[in-house]
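We count ligands from 1, going down the list as the structure has it; atoms in each ligand are counted the same way. Since the model is a prediction, treat every value here as computed from it, not as a measurement.
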Amino acid sequence: MASQRKFFVGGNWKMNGNKASIDGIIQFLNAGPLDPNTEVVVSPPAIYMEYVRGKLDQKIGVAGQNCYKVEKGAFTGDISANMIKDIGCEWVILGHSERRNVFGESDQLIGEKVKYALSQGLKVIACIGEKIEEREAGKTEEVVYRQMQAIVDNVAPDQWANVVVAYEPVWAIGTGKTATPAQAQEVHQKLRAWVAKKVSEPVANSLRIVYGGSVSAANCKELGGQSDIDGSLVGGASLKPDFVQIVNATQ
Ligand code: PEP
């Protein structure tokens, strides 16, 4: 991790938990201790976000797992960036591989969501990542650059401080198959070089690019020690006390 970028660890709870289990997570998060040099954000199911925000230490951010691209209207089942802000939360995850691959969200829609969320002052964790068949066909770079282009097209020059990119190879999410630190570092380094070319050197140097895909207490230190990996986005392990160790990976 390069020193000018604050280490970032996100916990994506996905569609898991109930009030009783969430109380347990809040307890271990509030007890920590969490490295003050790491920015921590957790993402509960939408229905529990306000509950979590009310009980969680204010030092820990709370993110939506998704939101739509307009303020309000006839979009049954969805929530808006404005609603996330209204309940006191400041982050949203957009473009998660499950949104892309289970719910069929396109690069274009994700770009539009990024644009709207940023315009409303939300901070965005924008996710990208290739499928196994794309990696095996040698298309990893082509895929992640295409996904990044749809994001870059929707971020204004002064909004980059509000964006964290999560590189999450789809084949590593929830599978227990982590990319090796070298595999992850290679993609992160290429993404940073791509951002330097397509956006600017200063943005590339300051943009946090975090890794996601079966991050655990056992592998977080080695992953977090790579020069272009600025933290992690954690699914399964973010529901367990191990998450505290992942937050503290650079200690
Ligand atoms: C995720 O959901 O973003 C994720 C990386 O999940 P897991 O850590 O369970 O692979």
Side-chain angles (χ1 to χ4, degrees), residues 7-17 21-22 25 28-29 38-46 48-49 52 60-67 89 91-105 107 110 113-114 117 123-132 134-135 140 143-144 147-148 151 163-181 183-185 187-188 191 208-224 226 228-249:
F7 205 69
F8 179 98
V9 176
N12 173 15
W13 299 356
K14 312 195 187 195
M15 197 176 76
N16 291 299
S21 68
I22 286 172
I25 299 174
F28 72 67
L29 285 172
T38 296
E39 182 166 12
V40 185
V41 175
V42 295
S43 188
Y48 295 120
M49 282 173 70
V52 171
I60 303 169
V62 176
Q65 295 178 9
N66 184 31
C67 66
C89 300
W91 284 91
V92 66
I93 299 172
L94 292 172
H96 190 276
S97 83
E98 287 141 25
R99 297 306 317 174
R100 292 176 186 270
N101 299 313
V102 180
F103 297 97
E105 293 192 8
D107 290 338
I110 292 159
K113 289 180 173 197
V114 167
K123 298 181 210 176
V124 171
I125 302 165
C127 305
I128 59 171
E130 81 288 0
K131 296 186 201 165
I132 190 63
E134 293 165 334
R135 174 164 280 259
T140 298
V143 170
V144 296
Q147 294 169 334
M148 272 301 285
I151 293 162
V163 178
V164 168
V165 170
Y167 168 61
E168 303 201 293
V170 179
W171 47 272
I173 296 181
T175 57
K177 272 191 221 154
T178 322
T180 64
Q183 278 176 321
Q185 165 60 22
V187 179
H188 283 234
L191 281 168
R208 289 175 296 179
I209 307 177
V210 304
Y211 168 79
S214 300
V215 174
S216 67
N219 61 27
C220 63
K221 278 190 189 289
E222 212 188 335
L223 285 161
Q226 305 299 310
D228 288 293
I229 299 184
D230 305 311
S232 52
L233 183 56
V234 186
S238 71
L239 302 166
K240 303 183 217 152
D242 278 9
F243 187 65
V244 172
Q245 282 169 261
I246 299 173
V247 167
N248 296 335

In this structure, atom 5 (C) of ligand 1 is nearest to the protein heavy atom E168 OE2, 3.0 Å
Exercise. At a 4.0 Å cut-off, with the gap strictly under it, does some heavy atom of A172 reach an atom of ligand 1?
Worked result: yes
among protein heavy atoms, the one nearest atom 1 (C) of ligand 1 is H96 NE2, 3.2 Å
Ligand 1 atoms nearer than 4.0 angstrom to some heavy atom of N12 are 1 (C), 2 (O), 3 (O)
- Verify the distance criterion only: is there a donor paired with an acceptor across the side chains of Q185 and D228 at less than 3.5 Å? yes
of all protein heavy atoms, closest to atom 4 (C) of ligand 1 is G235 N, 3.5 Å
query = Is there a heavy atom in A237 that sits closer than 4.0 Å to ligand 1?
reply = no
Go through the steps for K113 and E105 under the test side-chain contact (heavy atoms from CB on, under 4.5 Å), then give the verdict. CA-CA 10 Å; K113 289 180 173 197; E105 293 192 8; 2.9 Å; yes
Note: ligand 1 atoms sitting under 4.0 Å from heavy atoms of G213 are 5 (C), 10 (O)
Heavy atoms of T175 and S214 approach each other most closely as N-OG, 3.5 Å
Minimal heavy-atom distance between I125 and W91, with the atoms involved, is CG1-CE3, 3.7 Å
In terms of heavy-atom contacts, V92 and A117 come closest through CG1-CB, 4.0 Å
Taking only non-hydrogen atoms of G174 and a 4.0 Å limit, the atoms of ligand 1 in range are 7 (P), 9 (O), 10 (O)
>> Check the orientation of H188 and Y167. Use parallel for under 30°, tilted for 30 to 60°, and perpendicular for over 60°.
In response: perpendicular
Note: ligand 1 atoms sitting under 4.0 Å from heavy atoms of G236 are 7 (P), 8 (O), 9 (O)
(message) Looking at Q183, I want to see if its CD is surrounded by more than 12 non-hydrogen atoms of other residues, nucleotides or ligands under 6.0 Å.
(response) yes
One finds that the ligand 1 atoms under 4.0 Å from a non-hydrogen atom of S214 are 7 (P), 8 (O), 10 (O)
